[in-house]
Amino acid sequence: MPQRSEDLFQSRLAKLHHLRAQGLDPYPPRFSRTHTAQQAIALFQQEEAQHGAPWRTPPVRVAGRISALRAMGRATFLDLRDGSGRLQVLLRQDALGNAYALTKDLDLGDFLGAVGPLFRTRTGEITLEAQEIAILCKALRPPPAKWHGLRDVELRYRQRYLDWMANEPSRQLLVLRHKVVQAIRRFLDQRGFVEVETPILLPVAAGAFARPFVTHHHALDRRLYLRIATELHLKRCIIGGLEKVYEIGRVFRNEGIDNRHNPEFTTLESYEAYADYNTVMRMVEEMVSTVAQEVLGTTCIPWKDGKIDLAPPWQRLSLRDAVRERTGIDLETASDPQTLGEQMRRLGLAVDPRASWGKLVDKLLGEKVEPFLLQPTFLIDYPVEMSPLAKRKPDNPRYVERFEAFAGGMEIANAFTELNDPIDQRQRFLEQEELRRRYGDEEFDRLDEDFLLAMEYGMPPTGGLGVGIDRLVMLFSNSPSIREVIPFPHLSWSQEELLTEVDKHLQRLAGNGQPMTAADLYQALVASLPEEVRSRLTEPELRKRVEDFLRRP
RNA sequence: GCCCCGUUAGCUCAGCCCGGCAGAGCACCGGACUUUUAAUCCGGGUGUCCUGGGUUCGAAUCCCAGACGGGGCACCA
């Protein structure tokens with residue numbers, strides 16, 4: 001595989017062998033350090049203040065990755081970087097003796113331990129003068145360029161560790177994400193919520209609008225799906241008597257990838273018995289603003305060219321009013337697909353004539369309302385057709401007690417007073433199944449018989465909430481793309497992966513010793529390659545690969 | 001699915017319009033240098049110009065097809 005960068009690799013390999021030849025272990029099992037880079041610098045500053053300059057501390061032990069190397073004959077400066085920061089190390093032949101020869105085998109990216117006193121150089125930089133050094137790990141590939149860093153977006157995502165090595169903001173984003181999740185947990189834990197872990201592999205993937213991923217359990221010989229939501233299991237917890245539960249976890253939706261969608265993403269869902277969507281609304285604005293305050297130190301955050309103020313209370317706007325204000329359409333009168341579709345066409349929207357009313361409302365919201373909700377806003381009371389798990393409004397059964405929260409034009413939360421009438425719930429599921437049949441749309445929700453069974457035992461009135469953690473982190477970090485905030489985002493095949501896959505098949509096909517003609521081998525290859533690989537390569541490309549393969553010794 | 005842009009050395013990028021020996025900085029390799037800081041100085045270019053096909057005496061450059069990435073649209077929570 002590593003045909004690229006072969007020379008750099010070989011040069012480092014040679015140094016590795018040279019180290020071994022001298023009886024040094026390039027990968028020793030341990031090195032005990034007494035100070036991080038930051039602690040070492042703090043120690044020096046403290047002692048210098050006490051004793052006055054010039055001052056040398058007693059020896060300290062530090063370790064880190066070599067991030068810069070400035071060699072000048074019998075003295076070498078290098079920068080060691082660890083999790084806390086950077087410390088300059090001076091290697092001098094006079095101080096190190098024979099060990100100084102090791103310097104020649106060091107490269108950027110290697111891990112090194114150094115022992116010695118701290119002092120200030122002529123130019124004033126706090127520096128460790130090494131009396132002892134130990135290579136802790138020989139790196140066989142070079143780190144990204146020190147000056148330009150790593151800009152190539154594809155490389156940044158495919159080899160995220162290089163991104164983190166080279167780009168401080170990317171590292172910080174990971175930490176920010178952690179702090180957000182931590183602050184959410186703290187918020188909920190303090191309110192008596194219990195965190196539970198519900199299954200990811202399910203016989204029925206229900207609880208949201210999405211196509212699921214399919215997998216198979218061999219021992220059970222059963223088709224299973226990856227969950228698209230945690231909702232139905234968390235409600236089972238409520239049924240079982242836990243009154244406040246939540247889960248922060250990954251859900252999987254088999255859909256396209258873009259700036260706001262990754263096929264796996266993290267949601268928070270919480271359920272609280274004896275709460276309703278009004279209770280949840282207050283909790284959401286308090287939670288998001290509290291998290292912002294704890295993590296960012298303010299509730300007023302920059303977003304694109306403007307600012308968003310997350311301090312409660314957030315604006316509350318009924319969905320019907322919001323649509324009427326922005327489009328002039330009244331959903332009460334435009335209450336069938338034909339009328340609504342007609343009015344939407346008049347606004348210049350492309351309308352699928354077969355779309356259901358709920359889908360049309362959804363599209364109208366997505367096009368004409370949501371993108372304009374920059375300051376945090378609750379959209380309240382959704383049509384029942386779009387919300388099969390929410391309780392109807394007592395005074396208008398065509399609507400449900402549901403809200404979605406928006407900020408920066410993105411949906412960040414979705415919540416409702418949960419439906420706990422098992423007969424209505426069954427009816428709603430059946431309607432979803434019917435809609436899926438009628439519209440051939442895989443994304444309608446699914447009937448979950450096991451969940452209905454649970455609900456028939458009785459569920460207290462409950463307020464439920466879903467929050468997209470990734471989008472919340474996008475908001476908090478002013479990131480335009482969800483890929484930035486997901487440590488390892490999904491990408492398609494790279495050219496190298498494809499060709500490696502082809503070669504694997506070629507080796508297997510040609511492996512039984514019998515000589516094959518290029519034409520035969522090509523035929524066998526096409527028959528053997530999975531469609532996902534074959535379809536990404538053209539016939540001439542594959543034929544060429546076969547010929548190259550046969551030409552190889 | 002559609003449109004636009006990109007893909008050249010390990011990294012960041014120029015060269016492409018108007019076809020003529022594949023370039024720069026950093027990194028790397030060899031040499032000098034015991035307080036440097038993007039160290040400096042001398043010497044060295046290390047390449048499947050994304051892939052495949054076509055036009056041409058000649059293609060990184062022009063044409064066609066495709067892959068991957070980015071952006072937009074469509075679709076979608």
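Side-chain atoms are counted along with the backbone in the values below, which use heavy atoms only and exclude waters and symmetry mates. Just so we're on the same page: letters track the sequence lines, and every chain starts at 1.
- Residue contacts shown for Leu150(A) are limited to sugar-phosphate atoms, with no base heavy atom under 4.0 Å away.
- Checking rA27(B), rU48(B), rU36(B) against the side-chain heavy atoms of Leu108(A) singles out rA27(B) as nearest.
- Taking the C1' atoms as reference points, rG15(B) lies 15 Å from rU7(B), given to the whole Å.
- Salt-bridge annotation for Asp152(A) and Arg156(A): absent, with no side-chain N of the basic residue lying under 4.0 Å from a carboxylate O of the acidic one.
- Picking from rA74(B), rA77(B), rG69(B) the nucleotide with the shortest atom distance to the side chain of Asp362(A) gives rA77(B).
- For the OP1/OP2 pair of rC68(B) and a distance below 4.0 Å, the side-chain nitrogens and oxygens of Ser492(A) include at least one atom meeting the criterion.
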Please write out the pairs of protein N or O atoms and N or O atoms of nucleotides 50-54 of chain B separated by less than 3.5 Å, giving the distance to one decimal.
| residue | atom | partner | partner atom | Å |
| --- | --- | --- | --- | --- |
| rU51(B) | O2' | Glu541(A) | OE2 | 2.7 |
| rU51(B) | O2 | Glu541(A) | OE2 | 2.9 |
| rG52(B) | OP1 | Lys544(A) | NZ | 2.8 |

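- Listed nucleotides: rA77(B), rG69(B), rC11(B). Nearest to the side chain of Glu404(A): rA77(B).
- OP1 or OP2 of rG70(B) sits under 4.0 Å from a side-chain N or O of Arg483(A).
- Residue Asn414(A) places none of its side-chain N or O atoms closer than 4.0 Å to OP1 or OP2 of rA77(B).
- Judged by a 6.0 Å distance limit and a 45° cone about the ring axis, Arg326(A) is positioned over the six-membered ring of Phe372(A).
- For Met72(A), whose side chain is taken as the heavy atoms from C-beta onward, the closest listed nucleotide among rU48(B), rU35(B), rA77(B) is rU35(B).
- Closest of all the heavy-atom pairs between Glu418(A) and Leu389(A) is OE1-O, 3.4 Å.
- Going from the C1' atom of rA65(B) to that of rG58(B) covers 23 Å, rounded to whole Å.
- Under the Watson-Crick and G-U wobble criteria, each requiring two contacts below 3.5 Å, nucleotide rU36(B) is left unpaired.
- Residue Asn259(A) places at least one side-chain N or O under 4.0 Å from the OP1 or OP2 atom of rG72(B).
- Under a 4.0 Å N-O distance rule, the pair Glu264(A)/Arg227(A) does not qualify as a salt bridge.
- rA67(B) and rG31(B) have their C1' atoms separated by 45 Å, given to the nearest Å.
- Pairing for rC17(B) is absent, judged as Watson-Crick or G-U wobble with the two contacts each under 3.5 Å.
- Among rC28(B), rC68(B), rU48(B), the nucleotide with an atom closest to any side-chain atom of Arg545(A) is rU48(B).
- At the heavy-atom level, Asp79(A) lies nowhere under 4.0 Å from the strands shown.
- Within the nucleic acid shown, Glu370(A) comes within 4.0 Å of at least one base atom, counting heavy atoms only.
- If you check distances only, the side chain of Glu125(A) never reaches the base of rU36(B) with a donor-acceptor pair under 3.5 Å.
- Residue Arg253(A) is in sugar-phosphate contact alone, with no base atom involved, counting any heavy-atom pair closer than 4.0 Å across all strands shown.
- For Leu491(A), counting side-chain heavy atoms from C-beta on, the closest listed nucleotide (rG69(B), rC68(B), rU36(B)) is rG69(B).
- The nucleotide whose nearest atom lies closest to any side-chain atom of Asp94(A) is, among rU34(B), rC68(B), rC28(B), rU34(B).
- One C1' atom belongs to rA24(B), the other to rG70(B), and the distance between them is 25 Å to the nearest Å.
- Glu385(A) and Trp357(A) share no side-chain donor-acceptor pair at under 3.5 Å.
- Of the candidate nucleotides rA74(B), rA67(B), rU35(B), rU35(B) has the atom nearest to the side chain of Leu90(A).
- Note on Lys15(A): a side-chain N or O is less than 4.0 Å away from OP1 or OP2 of rC29(B).
- Summarising the base pairing, rC68(B) is matched to rG6(B) through a Watson-Crick or G-U wobble pair whose two defining distances lie under 3.5 Å.
- Residue contacts for Arg158(A): at a heavy-atom cut-off of 4.0 Å it reaches the sugar-phosphate backbone alone, with no base atom in range.
- Taking the C1' atom of each, rU56(B) and rG19(B) are spaced 9 Å apart, rounded to whole Å.
- Counting non-hydrogen atoms under 4.0 angstrom, Ala71(A) reaches a base of the nucleic acid.
- A donor N or O paired with an acceptor N or O is found under 3.5 Å between the base of rU36(B) and the side-chain atoms of Arg70(A).
- Under a cutoff of 6.0 Å and an axis angle of 45°, Arg160(A) and Phe488(A) do not form a cation-pi pair.
- Listed here is the closest heavy atom pair of Ala63(A) and Asp82(A): O-CB, 3.5 Å.
- Residue contacts for Lys104(A): at a heavy-atom cut-off of 4.0 Å it reaches no nucleic acid atom on any strand shown.
- Regarding Ile66(A), its CD1 atom lies at a distance of 15 Å from the C1' atom of rA27(B), rounded to whole Å.
- Each of rA77(B), rC29(B), rG10(B) was ranked by its minimum atom distance to the side chain of Pro142(A); first place goes to rG10(B).
- A gap of 8 Å separates the C1' atoms of rU46(B) and rC28(B), to the nearest Å.
- A donor and an acceptor atom, one from each side chain of Gln88(A) and Thr127(A), are located under 3.5 Å apart.
- Note on Thr121(A): every side-chain N or O is 4.0 Å or more away from OP1 and OP2 of rU36(B).
- Checked against rU34(B), rU35(B), rA77(B), the side chain of Phe119(A) finds its nearest nucleotide in rU35(B).
- Side-chain nitrogen and oxygen atoms of Arg260(A) include none within less than 4.0 Å of the OP1 or OP2 phosphate oxygen of rA77(B).
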Please walk me through it: do Phe378(A) and Phe403(A) pass ring-ring contact (aromatic ring centres under 6.0 Å, His included)? CA-CA 6 Å; Phe378(A) 292 116; Phe403(A) 72 80; 5.0 Å; yes
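- A cation-pi geometry, defined here as NZ or CZ lying under 6.0 Å from the six-membered ring centre and within 45° of its normal, holds between Lys359(A) and Phe444(A).
- Among the atoms of the strands shown, only primed sugar atoms or phosphate atoms (P, OP1, OP2) are found under 4.0 Å from some heavy atom of Arg151(A).
- rA60(B) sits 4 Å from rC49(B) when the C1' atoms are compared, rounded to a whole Å.
- Defined by atom type and a distance below 3.5 Å, a donor-acceptor pair is missing between the side-chain atoms of Thr267(A) and Arg250(A).
- Taking only side-chain nitrogens and oxygens, Lys363(A) never comes nearer than 4.0 Å to OP1 or OP2 of rA74(B).
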